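Note that ligands are numbered from 1 as they come in the structure, with each ligand's atoms numbered from 1 the same way. Because the structure is a prediction, the values reported are computed rather than measured.
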Amino acid sequence: MAEVPQQIPTIDISAWVNPASSAADKQRVVDEVHHAATTYGFFQCAGHGITPETREQIFDLSKRFFSLPMEERMEISVKKSLGQSFRGYEPPFLQNHHKHLLPDTKETFVVGAEIPADHPDAGTFLNGPNLWPTSIPEDDFRKPLISYQSQMVTLGNTLLKILGHGLPKSWNCSPDVFDSLAENPAIPMRMLHYAAQPVHDEKQFGVGAHTDFGSVTILLQQLGTKGLEVWYPPTETWIPVPPKENTFVINIGDFVDRYTNGYYRSARHRVITTDKERYSVAFFFNGNMKLKAPVLDGSGGEVNLGDHIRQRAIATYGAAPTLIESKV
Ligand SMILES: O=C(O)CCC(=O)C(=O)O
Ligand SMILES: [Fe+2]
């Protein structure tokens with residue numbers, strides 16, 4: 001039996017981004033990310049270039065949003081977003097990953113790429129204008145969030161480049177193979193708030209066990225909280241993924257898992273409830289929803305990102321009476 005890992009690896013990617021780094025230092029980053037992505041599907045990422053002030057600010061914004069009166073949050077409910085764009089506030093107990101569990105306790109504010117209402121794609125799945133709370137000035141909320149979003153896109157691109165360089169040479173694909181996936185990507189970002197759950201119910205999770213749908217997820221966790229755990233199949237154990245100063249949790253999503261025929265692992269994870277409230281921000285770099293491409297190892301078959309994401313969303317929201325069910 002394999003040894004039970006106590007934690008997932010921490011990888012400093014700064015050598016990859018620094019133009020002055022040696023080829024050997026860059027290769028070390030590729031190797032470490034390759035090991036984490038093939039073994040755990042998860043790692044803690046340091047050296048990403050996003051400042052501690054930005055990280056703090058995002059939590060301040062999140063706390064400000066979730067402190068708005070429920071009535072005001074519901075004014076920008078996801079149900080009011082254009083067509084299937086899926087933006088705005090989602091109250092707790094909406095998403096259910098397993099029929100035998102209660103729905104997730106999390107509440108969410110979803111921000112995506114800004115697609116104006118008169119854009120030809122507006123209202124199609126995940127495309128459309130964001131919804132913003134009217135009582136918080138734009139400079140204090142919308143602008144810093146959009147700035148954070150663009151930093152997340154840059155980091156997502158960097159991670160896909162590193163992952164592209166880590167693919168087996170025998171596949172004969174270019175290290176830039178993920179460039180078309182990264183083009184014009186769907187990028188739903190979920191600001192998450194988990195209320196304290198003083199009474200433990202074994203059927204209740206912050207987020208029930210699931211895999212992420214897209215390509216790469218970049219998660220910011222509030223320091224001093226706990227809850228996130230990742231499943232490690234060789235030992236059949238849940239590894240806790242505690243928040244770490246100045247790191248983001250990175251995980252591979254289902255699409256990259258399928259695209260690489262399981263080479264990079266999309267690992268199951270969950271958020272357990274605790275008696276303390278918790279904030280986190282999950283940035284889902286889903287990718288180019290129009291991408292259709294052959295599976296990279298040449299084993300045959302094709303992947304279609306848009307179809308894949310839509311099916312996964314229906315599967316997990318289908319149990320609750322939500323817009324996905326009514327609009328798709
Ligand atoms: O809040 C977290 O730590 C993780 C959330 C998550 O896994 C998700 O939203 O997909
Ligand atoms: Fe997740």
Side-chain angles (χ1 to χ4, degrees), residues 7-8 37 40-45 55 58-59 61-63 65-66 78 86-98 101 103-112 126 149 152 156 159 186-197 204-232 238-245 247-257 264-274 276-287 308-309 312-313 315-317 320 322 324:
Q7 57 184 5
I8 56 162
Y40 301 100
F42 264 73
F43 64 97
Q44 303 261 21
C45 176
R55 296 157 55 92
I58 295 305
F59 283 123
L61 301 184
S62 189
K63 288 174 190 164
F65 177 82
F66 289 111
V78 166
F86 213 77
R87 307 302 168 87
Y89 175 65
E90 206 184 84
F93 309 117
L94 214 53
Q95 195 170 24
N96 200 337
H97 295 277
H98 301 282
L101 296 181
D104 296 346
T105 64
K106 63 158 192 261
E107 57 177 334
T108 307
F109 177 62
V110 190
V111 177
L126 298 187
Q149 180 188 60
M152 290 294 102
L159 293 165
I187 44 169
M189 172 164 84
R190 286 173 166 262
M191 310 189 80
L192 293 153
H193 176 230
Y194 303 88
Q197 303 290 321
Q204 185 80 77
F205 287 85
V207 184
H210 67 284
T211 50
D212 290 349
F213 310 162
S215 295
V216 173
T217 306
I218 306 171
L219 177 78
L220 172 62
Q221 299 198 76
Q222 184 189 18
L223 291 173
T225 62
K226 57 181 183 185
L228 179 62
E229 299 180 334
V230 56
W231 181 247
Y232 186 61
W238 290 101
I239 312 174
V241 186
K244 231 179 141 171
E245 201 129 359
T247 68
F248 287 91
V249 177
I250 308 297
N251 64 289
I252 304 295
D254 294 341
F255 184 75
V256 161
D257 186 315
Y264 288 145
R265 285 191 54 219
S266 174
R268 223 158 17 116
H269 54 287
R270 66 183 186 182
V271 178
I272 57 172
T273 60
T274 73
K276 204 173 162 211
E277 76 171 336
R278 174 174 183 265
Y279 291 87
S280 65
V281 182
F283 180 88
F284 298 101
F285 195 113
N286 283 349
H308 162 79
I309 303 272
R312 294 287 281 115
T316 55
Y317 278 92
T322 68
I324 289 265

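Note that Arg270 lies in the cation-pi zone of Trp238, set by a 6.0 Å cut-off to the ring centre and a 45° limit from the axis.
Ring centroids of His308 and Phe213 are separated by 6.0 Å or more, keeping the two rings apart. Under the 6.0 Å cut-off for aromatic ring centres, Phe65 and Phe109 qualify, their centroids lying closer than that.
The side chain to side chain contact (heavy atoms under 4.5 Å, CB included) test with Leu220 is passed by exactly one of Met152, Met189, Arg55, Met191: Arg55.
When only modelled atom types and interatomic distance are considered, Glu277 and His193 share a side-chain donor-acceptor pair under 3.5 Å. For the 3.5 Å distance criterion, the side chains of Thr247 and Gln44 qualify, holding a donor opposite an acceptor. No side-chain donor from either of Tyr279 and Gln221 sits under 3.5 Å from a side-chain acceptor of the other. Between the side chains of Arg312 and Thr211, at least one donor N or O lies within less than 3.5 Å of an accepting N or O.
For the Fe ion (ligand 2), protein N, O or S atoms closer than 2.8 Å were enumerated as His210 NE2, Asp212 OD1, His269 NE2, with waters left out.
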Report the C-alpha distance between Arg268 and Val230 in whole Å, list the side-chain angles of each, state the deciding distance to 0.1 Å, and finish with yes or no for side-chain contact (heavy atoms from CB on, under 4.5 Å). CA-CA 6 Å; Arg268 223 158 17 116; Val230 56; over 6 Å; no
What do the steps show when you test Thr217 against Phe285 for side-chain contact (heavy atoms from CB on, under 4.5 Å), and what is the final call? CA-CA 6 Å; Thr217 306; Phe285 195 113; over 6 Å; no
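Using a non-hydrogen distance threshold of 4.0 Å, His210 registers as a contact of ligand 1. Ligand 1 is approached by Arg278 to a heavy-atom distance shorter than 4.0 Å.
Listed by number with element, the atoms of ligand 1 under 4.0 angstrom from any heavy atom of His269 are 7 (O). Under a 4.0 Å criterion applied to the non-hydrogen atoms of Leu192, ligand 1 contributes the atoms 1 (O), 5 (C), 9 (O). Below 4.0 Å from some heavy atom of Tyr194 lie the following atoms of ligand 1, by number and element: 1 (O), 2 (C), 4 (C), 5 (C). Per-residue contacts place Val271 under 4.0 angstrom from the following atoms of ligand 1 (heavy atoms of the residue considered): 1 (O), 2 (C), 3 (O), 4 (C). Those atoms of ligand 1 with a heavy atom of Phe284 less than 4.0 angstrom away are 8 (C), 9 (O), 10 (O). Against a heavy-atom cut-off of under 4.0 Å, Ser280 is close to the following atoms of ligand 1: 1 (O), 2 (C).
By the 3.5 Å distance cut-off applied to N or O atoms, Arg190 is not counted among the residues near ligand 1.
Within the 4.0 Å heavy-atom criterion, neither part of Val249 lies near ligand 1. At a heavy-atom distance under 4.0 Å, no atom of Thr217 approaches ligand 1. Residue contacts with ligand 1 for Arg270 are absent, since no atom lies close enough (heavy atoms, distance under 4.0 Å).
A distance-only check finds no donor-acceptor pair linking the side chain of Arg190 to the backbone of Ser280 [under 3.5 Å]. Looking at Asp104, its side chain does come within 3.5 Å of a backbone N or O of Gly208 through a donor-acceptor pair.
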